[in-house]
Structure formats: structure tokens, C-alpha cells
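Atoms considered below: every heavy atom in the structure, side chains included; atoms not considered: hydrogens, waters and symmetry mates. Every chain is numbered from 1 and lettered A, B, ... according to where its sequence line falls, protein lines coming before strand lines. Remember, it's a predicted structure, so these values are computed and weren't measured experimentally.
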Amino acid sequence: MRRGIFRAAVLAAAAMLASTGLAKAKDLTLCWAAWDPANALVELSKDFTAQTGVNMKFEFVPWTSFADRFLNELNSGGHLCDLMIGDSQWIGGAAENRQYVKLNDFFDKNSIKMDDFIPATVVGYSEWPKNTPNYWALPAMGDVVAWTYRKDWFSRPELQAEFKAKYGWDLAPPTTFDQLKQIGEFFQGREIDGKKVYGASIYTERGSEGITMGAMDVLYSFGFKYENPDKPYDMQGFVNSAGAVKGLEFYKALYDCCTPPGSSNGYMTEGIDAFKSGQVAMQMNFTFTWPGFNTDANVGGDKTGYFVNPKGPDGEQFAQLGGQGISVVANSENKDEALQYIKWFAQSKVQANWWKLGGYSCLKSVVDDPGFVSSQPYAEAFLNSMAIVKDFWAEPSYATLLQQSQARFHDYVVAGQGTAKEALDGLLKDWTATFKEDGKL
Amino acid sequence: MTFEPRHPVADPSQKQTFRHRLSGLSDRTIAWIFVAPSIALLLAINIFPLIWTIRLSLTNFRTNRPYAPVKWVGLQNYRDVLSDVGVWHSMLATAHFLFWTLFFQVLIGFTLAYLINKKFRGNDLWTTIIVLPMMLSPAVVGNFWTFLYQPQIGLFNYFIAFFTGIDPSSFSMIGDVSLAPWAIVIVDTWMWTPFVMLICLAGLRAIPESIYEAAECDRASRWRQFWTITIPMVLPFLMLAVLFRGIENFKMFDLVVQLTGGGPGDTTQLTSINLKREAFEKWHTGYASAYAVILFVTVFGLASIYVKALNKVKDR
């Protein structure tokens, strides 16, 4: 009898150990930023767990410390993340430092074609070196800087009349930056429904990447270029071109004339707060914020409209790319399961579901679907914005390059030190030194 | 009848030998045995990282380039740090922050301690209320002061507007180049003055009543008692408070990052914020190591000189 009990206990213990081992092997940790799309991904991933039995764990970090936390994780060779939805600019460093798994063979084996995704997202989120067929990520979350506006305010007859009398054109979503500034000035300090409101909320954050994302979003359409298209890393006359100087001057003018008081250190969250609380008429922000506005109790439904980044003085029109690709971390001990997740995520029905839940799919079959544009009030603006994107450097030294632009832009735009020309000349000097240090110049 | 034990018993002579061996150790050896774990820990978490940092400061190592060759650059990083305008700018910002926070904290802290030391009703309650700010987390303090400084809804702006009549939304404490350095001084003073007050209070309560009684007998005025008894006897405590706050504020990071992020521009970019950006945002590991060593030597040197002065005051 005793022997029987002993045997049963041993068997039970073995079974428990085996099941624990099994569960451990089938746990995948996905690292990303803590924001609305991450919640949608948690919901979406339940289907993956149901299909494969692989349990998904999530490590989400707020945007302001996202890069700090996860770049530290990658650089220190940590084992926390199996899958990383890293920022688009990390791709160069992560590829060259072998922190991400190269996905070309895996894509070929599983018939995942990059031609099936929006071209800008493939270049922005997956390729390193850029414009070469070397893939380190699957485009996961399309995102771009664009604008929201208070449709209900814009449609008030008395405001429309006053605006037309003052500026000579109908109050409507701006198509040029000059128009945008005029609308900002028009609303600045105006009283609406007994409350003082302001023109626009723009990015000014100093610590991570805020002011660079905002300023670049304007500078591109004014003629700023990172480098000579014919000679890589040749930046003289491109970074500090006359157009770029005008663009930076414009950004400062917009900050000075049309933002709410105390907007000296604002990024995505501050923009969301300013818009949802009815403080501003227009708001610059990444498109990921749009589903949240659409369903918001204060500004949701017909109260909010969406528009693409306006044109610059010469008719050029670009927008700052956001968004990320999903990569397998080279240090992961669960690479097979991680690749299985990417394979599952790349399916068109999963991508369609991703869009429905609030994520921004980059798959052509989803965005080119005839019903896509009418599926959400912001779908068309998103699609048009994705067609005009440009991105910041994705070099291995991107973090240094970014900190240099953060300092130069904040010094000029917010602190009001020096001129736009001096800021861009200084930036050219900083970036040249960084590329020299990298041996690229 | 003999009794055989079922289990063997240890030989008493052997036990004695072990005890004998233990008791034969010298006091010095026993002391080393007790201290050894602490020393090992100290070496592992303090001395080794320091030596490693010094080693890194002499190379071009960058943490985000694990496969790049590491070159020995000698003192180049030190030269670069000392000739960097940005470094000197942040040193200046730190000096401003350090001087004014110490000035206000000592002044207000001592005044509060002097008042609290007087016996009055509700004395303990007021002490508890005054020390509340220092019990909060710096991140929390930084966060809620950003709301207090908010030009449209901030109580601080309304308070200033109430007394001056200016429009509360016409100035931004953390967005204005000339106001931001003072904004961080105000918050740190609000938070840490109670700490200085407590130390001063301990000093005031340590002064024997008999000294004041003797001074009364000698017909010394209150003013004279204050300058010849109170101040000299509290001075070592005040100096200690200055030392603690000085070291803390030299490495100030969390509160200021939460409040201003080092901005506007780099107006409030203190050395610790600048160092963090070099080390963990730009990934200039070698350069940042040299920077850290320079800061360490500066604080260590200044603190040593200060402690000597403190001891002299105590021994007077």
C-alpha cells in the first residue's frame, strides 16, 4: 500500500515538473510602450494563445522612459524580452549590434512578403541598411504625426464669419502651414462656451524625443533634408538650408503665438490632455491617439476632425513617421515561439482584427480594402499621412543624434536662445562630429 | 548490565579540541572573521565599480557598441569633459541650485527650529505638519509641483497673481529661462527645509538650560545670548545639515527631471542629468565615466575639506 502511494506521489511530482517545464518553455514576453495600442495587442494576442497554447506576457513601459528602459535591456544583453516592438530608429543599432534576429530566411520560408506591406513602413520599420532587402522586423504598428481639430468649433457660423472677415478664406482644416498658424492665432485666447481656449498643442518635450518629432514634422515640408541624396552624410546646405531655417523659425513662431501657457515640455500625453479638456482648437499628435478621441465623452464623435500635415511654402508636404516593427530579440531563449508569433501576426485576418481593435495595420490588404476609408472617421487621414512620411536617422548612433537635436531645438524654440540659423548650424556641427566618431565621415 | 547506545555519540575529546581551536583564535582573527563579509560586500559594490569606472574612463568604450574595438585613449576623455561648454554650463546650473537651496534651507530651517523650540500649545502637531514634505517621494513632489506651476490652473501662479495683481497665465515658472532655475530651488526648499529644521532642533535642544540661566544672571540681553550661546552651539549641527543637503543636491536628479526635464533648453540641466544623458542616452560610456570620476573627486575633495572644518568647529 505504502509503495503504491509512493509511486503515485512520484508520478504526480514528475507530471507537475513536466507541466511546469512545458509552461515555462511556452511563455513569451513581448516588450513595448505603455499606450492604447498595447492594450489592443493584449486583446488580439489572446487568439494566438488560444491557437498555440503559448502564454503571452507583456512588459509595457511609458513612452518617456521607453527608450531608456529597453535600449538598456538590449545593450546589456538582457533576457527579459522575447519579442520587441522597438522604435523605428533603433533598427540600425539593433541590426549592427546583432540584438535583433534577421528575418529574411524566416520570411522566405513562411511566404511572408514585404511587398504586402505599405512601402514606407517596410523601409521605416524593417530595413537596415535602408532601402536594401535586409529585414529585422515585421511592420507592426503604422503611425505618423498628423493633426486633430475641433470640428464643432470650426463649424460655428459666428466664428466662420469672423474668421472669413479677418483672413479672407473659409475656416476649415488648413492645407498650408501659413493657414494653420492663422487658425492658431484666431483661436488663441478666445473665449468659447465661457472658457478661454488656445490655438494649438504642439510637441515641445525636452527629455526624450518630443521636440524633435514636432519640429521635424514641420521642417520636412520647408525643405529640410538629413543629407545630400547623392552623397550620404553630406549635410552642409541640407540640414541648415534656407528652407530648414525658415521651418524652424515657423515652429518657434507657432510655439510663441498659438500654444497654451505652460506648454514648454509637452509631448503625446500633454497633447491628448490639452485636446480632450477642450483647451485647444488643433492638436499635433501621432495617429495612434485618434481612436481615443473618437470615443471620448468630451470630444468624441462629430466634435473632432482629422487632417494631414499641411504643405510647406513651396508646396512640399511630408510628415514625421512614428510606429514600430516587431522583432525577435537575439538573446531570447524562445526564438521559435517568438517567430511563431510573428507568423501568426502577419496573417491578413489577424491584421484586419488588429485594425478593428485600435491598432494600425501596415498590411496593404487591410488598408487598401474598399471599406477601409469609411471604417473609421480618421482612416482616410491616416492613409494619406502614411503616404508622405519621412523618418529621423535610424543609424546606430541615433540616440546621440536625437539628443543633439533635442538640445538644439529646445534651446531655440522654447528657451529662445540664439537664432534658427545658429541652432541648425550647431546641429550640423554636432551631427558631423558624431558621424566622424562613427567613422562615417 | 551494560547499555549500548543505538546511535554513536561524538567523542567528547574531539568536541573539546574544536572548542579549543575556536577559543585559540586571536581577537584580531575573530574581528576579521566578523568584518570580512562587510568588506567583501563593500569591495564588490563600491570599490570594484569605482575601479571599473576609472578603467572605462580611459577608453572609448560605448555600451551600445558591444562589437566595436575598445581603444585606450589615455586622458583624452578627461580633457574632453573639462573643455566641454555643456559640462561647464551644467556645473554653473548646479552651483546656482546648490547655493540658493542651501541658503534658503538653512535660513528657513533654522528659523522654524528656533520657533518650534519655544514651548507653545500644538508644538508637536506643527512639527509633524512641517516635516510632511520630506516624507514624500521626490518623483511625486516633482509631479504635483508641475501642476502647481501650471499657468492656467496652478495654485502657485494664482498665489503670486493674488499678491501682485499680474495675470496668472502670463508667466510659466518651468517654461521660462529666467524663472525655471528658481522654480527648482523653490520646490527643493519646500521639500527639504524640514530636514534642516529637524537637525537644528536637535542642536537647540542639546543646549543646556543652565547656560542661558547663567547668562541671565550676567544680565546678557536676548540678542547677545542668541549670538554668543545659541549660534555657536548650533553651528556644528547646521554645518552637518549643510553637508548632508550639499551632497544630496550636488547629485540632484529625480525632482528636477520630473519638474523641468532639464529645460527650458538646458537651463536646469544639472550635472547629474547631463551625466545621465551622456551615459544612457548618448551612450558615451568612456566619456561619461571620466565625467563621473571628475564629479566624484570634486564632491569627495570638497566634502573632506568641509568635514575638517566641521571637526574644528566641534572641537572649539
Side-chain angles (χ1 to χ4, degrees), chain A residues 64-65 67-69 71-72 74-77 90 93-94 96-99 189 196 198 204-211 255 259-267 270 274 277 279 396-404 406-418 423 434 437-439, chain B residues 60 62-69 80 84-86 89-90 139 146-154 156-157 167-180 183 256-269 273-274 276-287:
Chain A
T64 43
S65 42
D68 263 14
R69 172 71 186 87
L71 285 178
N72 254 320
L74 291 176
N75 290 332
S76 63
W90 301 3
E96 290 194 10
N97 295 318
R98 298 168 228 171
Q99 290 160 340
K196 200 173 186 179
Y198 301 91
T204 55
E205 186 250 9
R206 169 70 178 87
S208 58
E209 57 171 21
I211 197 162
Y255 170 73
T259 56
S263 305
S264 57
N265 197 25
Y267 197 21
E270 289 75 12
S277 62
Q279 219 181 11
S397 277
Y398 112 89
T400 309
L401 300 163
L402 181 64
Q403 278 311 310
Q404 287 162 339
Q406 284 288 105
R408 294 287 177 187
F409 290 158
H410 210 267
D411 262 353
Y412 170 65
V413 175
V414 177
Q417 288 165 355
T434 301
E437 204 183 313
D438 287 355
Chain B
N60 70 342
R62 296 180 68 165
T63 319
N64 65 340
R65 307 279 175 81
Y67 300 103
D80 290 347
D84 188 334
V85 182
H89 180 87
S90 55
T146 55
F147 291 109
L148 292 177
Y149 280 147
Q150 227 288 328
Q152 296 157 77
I153 54 160
F156 183 88
N157 281 40
D167 179 7
S169 61
S170 66
F171 65 100
S172 170
M173 285 299 290
I174 52 178
D176 189 296
V177 180
S178 54
L179 295 177
V256 178
V257 163
Q258 198 67 38
L259 266 173
T260 64
D266 52 4
T267 314
T268 58
Q269 184 168 274
I273 300 174
N274 195 17
K276 186 258 178 181
R277 284 192 171 141
E278 291 294 341
F280 298 109
E281 288 175 18
K282 296 182 184 173
W283 302 99
H284 291 155
T285 315
Y287 175 93

Part of [X] within contact of chain B (heavy atom distance under 4.5 Å):
X: A:Asn97; answer: both
X: A:Leu71; answer: both
X: A:Gln279; answer: side chain
X: A:Glu437; answer: side chain
X: A:Asn72; answer: both
X: A:Thr434; answer: neither

Q) Do any N or O atoms from the side chain of B:Thr63 and from the backbone of B:Thr285 form a donor-acceptor pair under 3.5 angstrom? A) no

**Q.** B:Glu281 side chain to A:Ala67 backbone, donor-acceptor under 3.5 Å
**A.**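 Checking the backbone N and O of A:Ala67 against the side chain of B:Glu281, no donor-acceptor pair under 3.5 Å is found.
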
Portion of [X] that has a non-hydrogen atom of chain A nearer than 4.5 angstrom:
X: B:Glu278; answer: neither
X: B:Gln152; answer: side chain
X: B:Ser178; answer: neither

Q) Looking just at side-chain N and O atoms, do A:Ser263 and A:Thr204 make a donor-acceptor pair shorter than 3.5 Å? A) no

Q. Below 4.5 Å, heavy atoms only, C-beta onward: do B:Arg277 and B:Asp266 meet side chain to side chain?
A.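 With C-beta onward as the side chain, the pair stays apart.
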
Q) Can you tell if the side chain of A:Tyr267 reaches within under 4.5 Å of the side chain of A:Glu209, non-hydrogen atoms only? A) yes

Q) How about A:Tyr255: does its OH atom have over 12 heavy atoms from other parts shown lying under 6.0 Å from it? A) yes

Q) When only pairs under 4.5 Å are counted, which of B:Ser170, B:Gly175, B:Gly262 shares the most heavy-atom pairs with chain A? A) B:Gly175

Who wins among [options] for the most heavy-atom pairs under 4.5 Å with chain B?
options: A:Gln403, A:Gln404, A:Arg206; answer: A:Arg206
options: A:Gly416, A:Ala407, A:Gly93, A:Ser397; answer: A:Ser397
options: A:Val413, A:Asp411, A:Leu402, A:Leu74; answer: A:Asp411
options: A:Glu205, A:Gln417, A:His410; answer: A:His410

Q: Using salt bridge (charged side-chain N to carboxylate O under 4.0 Å, His left out) as the criterion, list what pairs up with B:Asp167, not counting sequence neighbours.
A: none

Q) Which atom pair, heavy atoms only, marks the closest approach of A:Ile211 to A:Val414? A) CD1-CG2, 4.0 Å

Q: Grab the two heavy atoms, one from B:Lys282 and one from A:Thr400, that are nearest each other, plus how far apart they are.
A: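 Minimum heavy-atom separation between B:Lys282 and A:Thr400: O-OG1, 2.9 Å.
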
